[in-house]
Number of protein chains: 2
Amino acid sequence: MIDYGKLIQRYKPDSVEQGKIASLVSEVTGKIRRYCSENSIDADPVLVGSVAKGTNIKSGDVDIFVTFSRKYEKREMEDLGVKIGRAVIRDGTEKYAEHPYVTGRLNGYKLDIVPSYRISPGERKVSSVDRTPLHTDFVLKNLTAEMRDQVILLKLFMKHFQIYGSEVRVSGFSGYICELLIWKFENFENVVQMFSRLSGKLVIGNTKRTNLPESPVLIIDPVDDERNAAAAVSVESLSTMKVASKLFVSAHDEEYLDPDPPRQEPVYADRGTAIRIFRMPKPPVVDDIVYPQAVKFRNSLVDLLYSGGFMPLSSEISIEGEVQILIECRDSNSPAIRTREGPPADSDNVLDFIRKYKEIAVRGPYIIGERIYADVRTEPETIELFVHEHLQELSIGKNLAPLKDRITIYNPAGGNARLDVMDRFYSKKIT
Amino acid sequence: MIDYGKLIQRYKPDSVEQGKIASLVSEVTGKIRRYCSENSIDADPVLVGSVAKGTNIKSGDVDIFVTFSRKYEKREMEDLGVKIGRAVIRDGTEKYAEHPYVTGRLNGYKLDIVPSYRISPGERKVSSVDRTPLHTDFVLKNLTAEMRDQVILLKLFMKHFQIYGSEVRVSGFSGYICELLIWKFENFENVVQMFSRLSGKLVIGNTKRTNLPESPVLIIDPVDDERNAAAAVSVESLSTMKVASKLFVSAHDEEYLDPDPPRQEPVYADRGTAIRIFRMPKPPVVDDIVYPQAVKFRNSLVDLLYSGGFMPLSSEISIEGEVQILIECRDSNSPAIRTREGPPADSDNVLDFIRKYKEIAVRGPYIIGERIYADVRTEPETIELFVHEHLQELSIGKNLAPLKDRITIYNPAGGNARLDVMDRFYSKKIT
């Protein structure tokens with residue numbers, strides 16, 4: 001049996017750390033109050049996040065919101081919020097999520113200072129950030145000290161399987177989802193038991209009154225019954241959680257609660273395929289904006305390479321430092337004959353397609369399903385040449401598009417660079 | 001402008017031929033009546049099909065039903081029906097569709113003698129064959145002589161594009177559908193105009209009262225409103241009809257009404273791919289039974305070759321004389337690394353999959369979407385070797401299964417045989 005008590009002891013901040021955090025919080029909130037009073041700003045600091053809820057893991061982040069009166073316009077509130085943040089964290093950097101906020105390090109802790117509006121439960125929401133203090137209240141009122149410790153176990157488990165966090169890149173389970181799962185199922189064991197037996201989607205709460213969009217996980221937010229607290233969870237994260245829970249239930253191995261297990265060294269085995277890495281600089285916007293564009297870029301590349309007959313097989317994405325898209329193709333040269341996909345039979349453009357290919361096609365035009373196709377003979381091309389030829393057509397998202405000309409194509413078989421995306425690709429493993 | 005009158009004259013039986021058909025019909029029905037009376041059988045001959053409806057093309061088939069009293073059990077009716085057929089067509093052969101029937105040649109015409117029950121409109125159906133005489137009545141009552149000529153034009157057009165006939169192999173438009181289309185839209189021009197503008201499915205008739213299954217074309221049978229007269233039409237035939245109609249509307253080329261146009265000689269161009277033809281003897285059952293099994297065989301082969309990493313690209317089927325499945329693959333050798341598809345994350349079998357591949361996989365096990373996968377290193381194999389190894393697992397239908405051991409694999413790059421399936425594959429062209 002796993003000694004959960006010992007685990008909680010190991011990962012939960014001890015009294016010394018709690019003291020350090022408490023004094024940091026009191027220092028920061030004091031500074032904010034002083035700044036507001038000196039500058040006649042109607043706003044108060046509120047400790048939020050896992051520290052406020054007592055569900056934080058050792059050396060975690062500290063999140064402090066500055067909640068403003070509704071009398072401020074959005075723009076003014078944001079400007080004041082950033083000024084306050086800068087006054088507190090001298091060398092902080094400004095970032096932009098739903099509002100701009102200031103992030104930096106203080107006394108050894110990562111600290112975020114985020115402006116928001118004061119709202120009470122049921123009040124009309126202004127932004128999702130404004131709801132966060134309500135989440136803190138809810139958890140403090142509804143989770144016992146034992147349950148909060150169970151939240152820590154669940155977070156460790158999800159970190160182990162790399163499905164913790166609502167960032168787009170992870171599309172996993174947020175801290176608040178962990179808290180709601182423990183609130184609903186009481187302890188860590190019950191949560192993994194539930195996931196190990198789950199078939200299909202997970203739905204928690206009364207969804208009858210809402211019109212929420214389809215989602216792999218639907219957890220009605222108890223402070224706002226028109227919000228899915230788990231909207232960010234991808235089908236892959238849910239599938240991973242199911243398999244992880246099955247693994248845990250079958251073995252009860254403590255290793256699965258190691259939040260940062262030693263990762264295997266990736267083995268760069270020759271796969272007999274053509275692997276190419278498309279690299280470009282990372283634009284200066286937050287990861288949650290860059291990542292979906294990298295996904296779009298990847299999808300465009302896969303479609304393009306498929307149309308060129310290179311048979312893309314698999315892919316991987318990294319946005320660490322730069323944007324890297326790895327695509328594995330069956331072949332590095334396009335085939336002598338390519339199938340051109342024409343318009344659907346319903347479209348009047350089929351006639352143009354027939355006119356164009358009637359004489360030059362080596363086969364067709366012919367109908368398959370609802371569409372017309374033609375096989376044509378072409379000069380075989382390399383991936384590099386083909387992609388460069390079609391680069392301008394690629395749809396790759398607003399912030400990546402201006403950097404199109406800086407895309408380079410790296411062939412790992414011909415070089416010694418060890419790129420992050422290669423490590424991700426070669427070491428992809430559920431556990 | 002196309003001289004439709006002249007076309008009708010060319011393809012519609014002239015008075016000499018009509019006389020020959022009439023005397024053939026009178027001879028055959030006379031024989032049947034005599035046989036029935038001599039043997040005290042309560043049954044009557046009924047001329048059905050396009051000849052009965054006056055929508056027949058020159059040198060078409062003659063279909064005569066023998067309609068039995070309901071007092072006969074199905075088995076007895078069938079036995080008597082075959083006896084009558086054999087008495088009329090001495091050297092006829094027995095075939096089996098919904099009932100057994102006798103087919104052969106008489107006075108230069110292909111003649112089918114098919115047993116069925118007498119039914120009246122609205123009466124409980126016994127088999128779809130029994131409905132046929134009602135179709136004859138409907139067409140005779142509802143289509144004018146001019147409209148019947150228009151049916152002939154529509155048939156010529158559909159024959160040109162090889163979408164005429166409800167046999168599974170064609171999955172096209174039957175003669176009765178042609179008649180219903182002219183009944184609904186009055187003439188050939190209107191029908192092609194309608195198809196040239198059609199978007200999505202074709203639905204004709206009041207479908208509100210029925211629970212008919214989804215189908216690309218839904219035409220409520222006017223003699224049985226619970227039947228889709230067009231259930232056999234595939235999405236490909238519908239798409240072909242749409243494109244064919246667009247071609248016709250844009251060009252009004254008489255060529256499109258040539259029912260048997262000169263087909264281009266297939267060009268056996270080297271496609272830089274691996275084409276293999278899987279051959280086996282054709283079992284002694286009708287094409288409508290063999291063809292779906294050939295499709296199943298083809299699908300099993302494609303799935304198998306895909307799992308082996310050979311990247312199947314396209315395929316073709318022929319059941320002329322023998323069963324021939326052509327499959328074109330990207331490669332003739334399997335790759336050094338293959339991706340094994342595991343069970344879905346919901347299934348408890350994922351644990352077995354992880355146990356099996358955890359150590360031997362070169363990558364994974366990893367989750368994509370709702371499923372688990374692992375990449376493993378394998379010895380490259382040829383298509384021939386790989387298929388022979390997995391032949392016993394292939395699901396290929398009831399009548400083909402006993403012939404599994406007689407499957408041979410032909411590589412057209414290494415031989416001179418010109419197989420029917422190759423002609424079909426290389427000359428595939430809408431027009």
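Every chain is numbered from 1 and lettered A, B, ... according to where its sequence line falls, protein lines coming before strand lines. Only a predicted model underlies this, so the values are computations on that prediction, with no experimental measurement involved.
- Comparing B:Val362, B:Thr273, B:Leu247 by heavy-atom pairs within less than 4.5 Å of chain A, the highest count is held by B:Leu247.
- Between A:Arg271 and B:Asp375, the closest heavy-atom pair is NH2-OD2, 2.6 Å.
- More than 12 heavy atoms of other shown residues, nucleotides or ligands fall within 6.0 angstrom of atom CD in B:Glu381.
- A distance of 11.5 Å separates NZ in A:Lys242 from CG in B:Asp348, rounded to the nearest 0.5 Å.
- Looking at B:Arg377, the atoms closer than 4.5 Å to chain A (heavy atoms on both sides) all sit in the side chain, from C-beta outward.
- Looking at B:Asp270, the atoms closer than 4.5 Å to chain A (heavy atoms on both sides) all sit in the backbone: N, CA, C or O.
- Your options are A:Tyr366, A:Tyr373, A:Phe195, A:Tyr426, and the one with the most heavy-atom pairs under 4.5 Å with chain B is A:Tyr366.
- Between A:Lys429 and B:Lys358, the shortest heavy-atom contact is NZ-O, 3.3 Å.
- With a 4.5 angstrom heavy-atom cutoff, B:Leu313 touches chain A only via side-chain atoms.
- Put simply, of B:Gly364, B:Ser237, B:Ala361, the one with the most heavy-atom pairs under 4.5 Å next to chain A is B:Gly364.
- With a 4.5 angstrom heavy-atom cutoff, B:Phe425 touches chain A via backbone and side-chain atoms both.
- Atom CZ of B:Phe161 sits about 10.0 Å away from atom CD1 of A:Ile367, to the nearest 0.5 Å.
- Sparse packing is recorded around CD of B:Glu370, with 12 or fewer heavy atoms of other residues, nucleotides or ligands lying under 6.0 Å away.
- Of the listed residues B:Ala336, B:Pro365, B:Ser314, B:Gly272, the one with more heavy-atom pairs under 4.5 angstrom with chain A than any other is B:Pro365.
- Minimum interatomic distance between B:Ser239 and A:Gly369 (heavy atoms only, all atoms of both residues): OG-O, 2.9 Å.
- With a 4.5 angstrom heavy-atom cutoff, B:Arg330 touches chain A only via side-chain atoms.
- Contacts between B:Val235 and chain A at a heavy-atom distance below 4.5 Å involve backbone atoms as well as side-chain atoms.
- Of the two parts of B:Leu198, only the backbone, made up of N, CA, C and O, holds a non-hydrogen atom closer than 4.5 Å to a non-hydrogen atom of chain A.
- B:Gly200 and A:Asp346 make their closest contact through N-OD2, 2.7 Å (heavy atoms, listed as atom of the first residue, atom of the second, distance).
- Closest non-hydrogen pair, B:Val243 versus A:Ala345, comes out as CG2-CB, 3.7 Å.
- Of the inter-residue distances, the one linking B:Ser250 atom OG with A:Asp352 atom CG reads 10.0 Å to the nearest 0.5 angstrom.
- Chosen from B:Leu238, B:Ile372, B:Val350, the residue pairing most often with chain A at heavy-atom distances under 4.5 Å is B:Val350.
- For OH of B:Tyr268, the number of neighbouring non-hydrogen atoms (other residues, nucleotides, ligands) closer than 6.0 Å is greater than 12.
- Nearest heavy atom pair, residue B:Lys246 against residue A:Ser347, reads CE-O, 3.4 Å.
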